[in-house]
There are 2 protein chains.
Amino acid sequence: MKKAKLPQTTVARLPVYLRSLVYLAGRGVQIVSSEELAQLAGSNAAQLRKDLSYLGEFGTRGVGYDVDQLINEISKWLGLLRDRSVVIAGMGRLGGALVGYPGFSQKGFRIVAVFDHDPAKVGRGVDGLIVRDMSELGSIVSQNGGVDIGIIATPASAAQAVADQLVRSGIRGILNFAPITIEVPDEVFVRQVDLSVELQILSYHLQKAERVGVLV
Amino acid sequence: MKKAKLPQTTVARLPVYLRSLVYLAGRGVQIVSSEELAQLAGSNAAQLRKDLSYLGEFGTRGVGYDVDQLINEISKWLGLLRDRSVVIAGMGRLGGALVGYPGFSQKGFRIVAVFDHDPAKVGRGVDGLIVRDMSELGSIVSQNGGVDIGIIATPASAAQAVADQLVRSGIRGILNFAPITIEVPDEVFVRQVDLSVELQILSYHLQKAERVGVLV
DNA sequence: GCCTGTGAAGCTTTTCACAGCG
DNA sequence: CGCTGTGAAAAGCTTCACAGGC
């Protein structure tokens, strides 16, 4: 099977497989079985084979998968063969942490500008970048010949206005850390990361475990 | 339907509904329809009604849902009626951002201690807490009478060892920001947040859009 | 013999559409 | 009449189990 649309769940797992494969490549491993790779990625062998089967037939029966080849194929499918440019809006503590996050640059995500609304922060340097005023977003995106991804690290109150600005500047992918649902046109993709939501989901499972512990 | 197990997907959406309801309550809204609430939460009316139906029957036909009552019911189901204690391991930039994250304390997640392995960081103050050495984790968790949730904000290389320590200290819920799959016993719940994975998923969608734009 | 690739079965989740009730 | 609650249908996803090919 080739170049069809992948299931959402498969798309979400491919980066994890990729991470595991890069780890293996770094240790000099050249061939890996579905069982081994699935274990590393926290998945299972059947799932992994099914996922990879959507991309094509890259394995060798009786042997396994070639690590380098798989890295290349998954990268291709994820659109990672070229670098992606990123801007960050909101230079609070979270924004500040994201600028320096080593995982981004390692994986080809280049942060080209950072923004804040607060005059006290504008003009300061952060990891080799100068914090720009939010009003400059459009012009700086243009100067960079368009930007792929915008990260929103502002308070919830500012997030929708920032999202509107990002969309107007032509950005089509948004990673939103603000705890609010932002509205964007259909052609713009949003990933929402809400840290409190994660803790609340954990809280649900903890409570369930407690109930069992108490009642049973 | 009452006190059964909720679908995983429902559990993941409840915190988002809760966030929207708290927003409405803050604006003095007392009654909300499934249509309005779903819009705010980025869901749809049918989905929302189905999700809420797992918790019980709280709506009034022809009218809608009572905002305060729903807040209370969802909080109960998520185990949020009491505060949850949290420790953070890893006081790099991300860990530092998490300690001060206002969403945590607002929602009843109390950070009781923070840890790092680096002697240069141990002993320093961060948001009113003193950074402790990782080796003290067990004893400090005990001093607090047990801790609900551990957040891993270390590099990938340290994450598994930290996870082991958290589990040994009796912690049953882990939020892992390190880009690696950690192994824990079945009774421990892990939520994985990988920032690079999110960008890579966006990259996939951007590439798909590009292909359509170029080829069609 | 061994591990991949994949139809088919089974399960979960979403959507539909309307009965039920204030 | 309007909006909830919910069976039933549809869609999506995972697991099974084995054929296929090195």
Side-chain angles (χ1 to χ4, degrees), chain A residues 1-17 20-21 24 29-71 73-74 77 201 204-205 208, chain B residues 1-17 20-21 24 29-71 73-74 77 201 204-205 208:
Chain A
M1 201 177 289
K2 269 242 110 180
K3 287 289 168 190
K5 210 180 76 224
L6 308 179
Q8 290 303 309
T9 45
T10 298
V11 174
R13 280 187 296 263
L14 287 180
V16 181
Y17 300 150
S20 309
L21 287 160
L24 288 173
V29 178
Q30 288 174 353
I31 302 286
V32 69
S33 71
S34 59
E35 192 68 61
E36 292 162 332
L37 182 52
Q39 164 105 47
L40 263 179
S43 182
N44 69 70
Q47 178 97 263
L48 178 105
R49 291 202 301 274
K50 186 62 115 181
D51 284 339
L52 295 183
S53 78
Y54 293 121
L55 315 190
E57 301 192 18
F58 305 119
T60 308
R61 293 167 197 230
V63 180
Y65 299 93
D66 182 280
V67 171
D68 287 338
Q69 187 189 5
L70 256 197
I71 288 174
E73 286 295 336
I74 294 178
W77 277 84
I201 294 171
Y204 170 81
H205 291 291
K208 244 192 353 177
Chain B
M1 199 178 287
K2 269 244 109 178
K3 286 290 167 189
K5 210 179 77 224
L6 307 179
Q8 289 305 309
T9 46
T10 298
V11 173
R13 280 187 298 263
L14 287 180
V16 182
Y17 300 150
S20 308
L21 287 161
L24 288 173
V29 177
Q30 288 174 354
I31 302 287
V32 69
S33 71
S34 60
E35 192 68 61
E36 293 163 332
L37 182 52
Q39 165 104 47
L40 262 178
S43 182
N44 69 70
Q47 177 98 263
L48 178 107
R49 290 203 301 274
K50 186 63 115 183
D51 284 340
L52 295 184
S53 78
Y54 294 120
L55 315 191
E57 301 191 20
F58 305 120
T60 309
R61 294 169 196 226
V63 181
Y65 298 93
D66 182 280
V67 171
D68 287 337
Q69 186 190 3
L70 256 196
I71 288 174
E73 286 296 336
I74 295 178
W77 276 84
I201 295 171
Y204 169 80
H205 290 292
K208 244 192 354 177

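Throughout, protein chains are lettered first and strands after them, A, B, ... in sequence-line order, and every chain is numbered starting at 1.
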Separation of C/dC16 atom P from B/Arg49 atom CZ, nearest Å, is 11 Å
Discussion item. Quick check: do B/Leu40 and B/Val32 have side-chain heavy atoms less than 4.5 Å from each other?
Written reply: no
Whole-Å distance, B/Leu52 CG to D/dT4 P, equals 9 Å
If you restrict it to nitrogen or oxygen atoms, what contacts under 3.5 Å exist between nucleotides 19-22 of chain C and the protein, and what is each distance?
unit_1, atom_1, unit_2, atom_2, d
C/dG20, N3, B/Arg61, NH1, 3.0

In whole angstroms, the gap separating P of D/dT6 from CG of B/Asp51 amounts to 13 Å
Open item on the list: For a 4.5 angstrom cut-off between non-hydrogen side-chain atoms, does A/Tyr17 reach A/Leu48?
Closed with: yes
All heavy atoms of A/Ile31 vs all of A/Asp66, minimum pair found to be CD1-CA, 4.1 Å
Here the distance between atom C1' of D/dC3 and atom CG of B/Leu70, to the nearest Å, is 14 Å
The side-chain contact (heavy atoms from CB on, under 4.5 Å) partner of B/Tyr65 among B/Glu73, B/Gln30, B/Arg49, B/Glu36 is B/Arg49
Numerically ordered, the residues 36-47 of chain A set in heavy-atom contact under 4.0 Å with DNA chain C is none
Closest of D/dG5, C/dT14, C/dT6 to the A/Ser53 side chain is C/dT6
Of the candidates D/dG5, C/dT13, C/dT4, the side chain of B/Thr9 sits closest to C/dT13
Separation of C/dG5 atom C1' from A/Leu48 atom CG, nearest Å, is 12 Å
Should B/Asp51 and B/Thr9 count as side-chain neighbours, where that means a heavy-atom distance under 4.5 Å?
no
(Q) Looking at A/Ser34, I'd like to know whether one of its side-chain N or O atoms comes within less than 4.0 Å of OP1 or OP2 on C/dT4. (A) yes
Worksheet item: Where do A/Tyr204 and B/Leu6 land on the side chain to side chain contact (heavy atoms under 4.5 Å, CB included) test, with the steps shown first?
Response: CA-CA 10 Å; A/Tyr204 170 81; B/Leu6 307 179; 3.6 Å; yes
According to a strict under-4.0 Å criterion, is A/Tyr65 in side-chain N/O contact with OP1 or OP2 of C/dG5? yes
Rounded to whole Å, the CZ-C1' distance (A/Phe58 to C/dC3) equals 17 Å
Here the distance between atom P of D/dT14 and atom CG of A/Leu6, to the nearest Å, is 13 Å
Separation between CZ (A/Arg13) and CG (A/Leu52), nearest 0.5 Å, reads 10.0 Å
Practice item. May I ask you to say what A/Glu35 touches in the nucleic acid, namely base, sugar-phosphate or nothing, with a heavy-atom cut-off under 4.0 Å? Key: nothing
Table of protein N/O atoms under 3.5 Å from nucleotides 7-9 of chain D N/O atoms:
unit_1, atom_1, unit_2, atom_2, d
D/dG7, N7, B/Lys50, NZ, 3.3
D/dG7, O6, B/Lys50, NZ, 3.4

Atom CD of B/Glu57 and atom C1' of D/dT4 are separated, to the nearest Å, by 9 Å
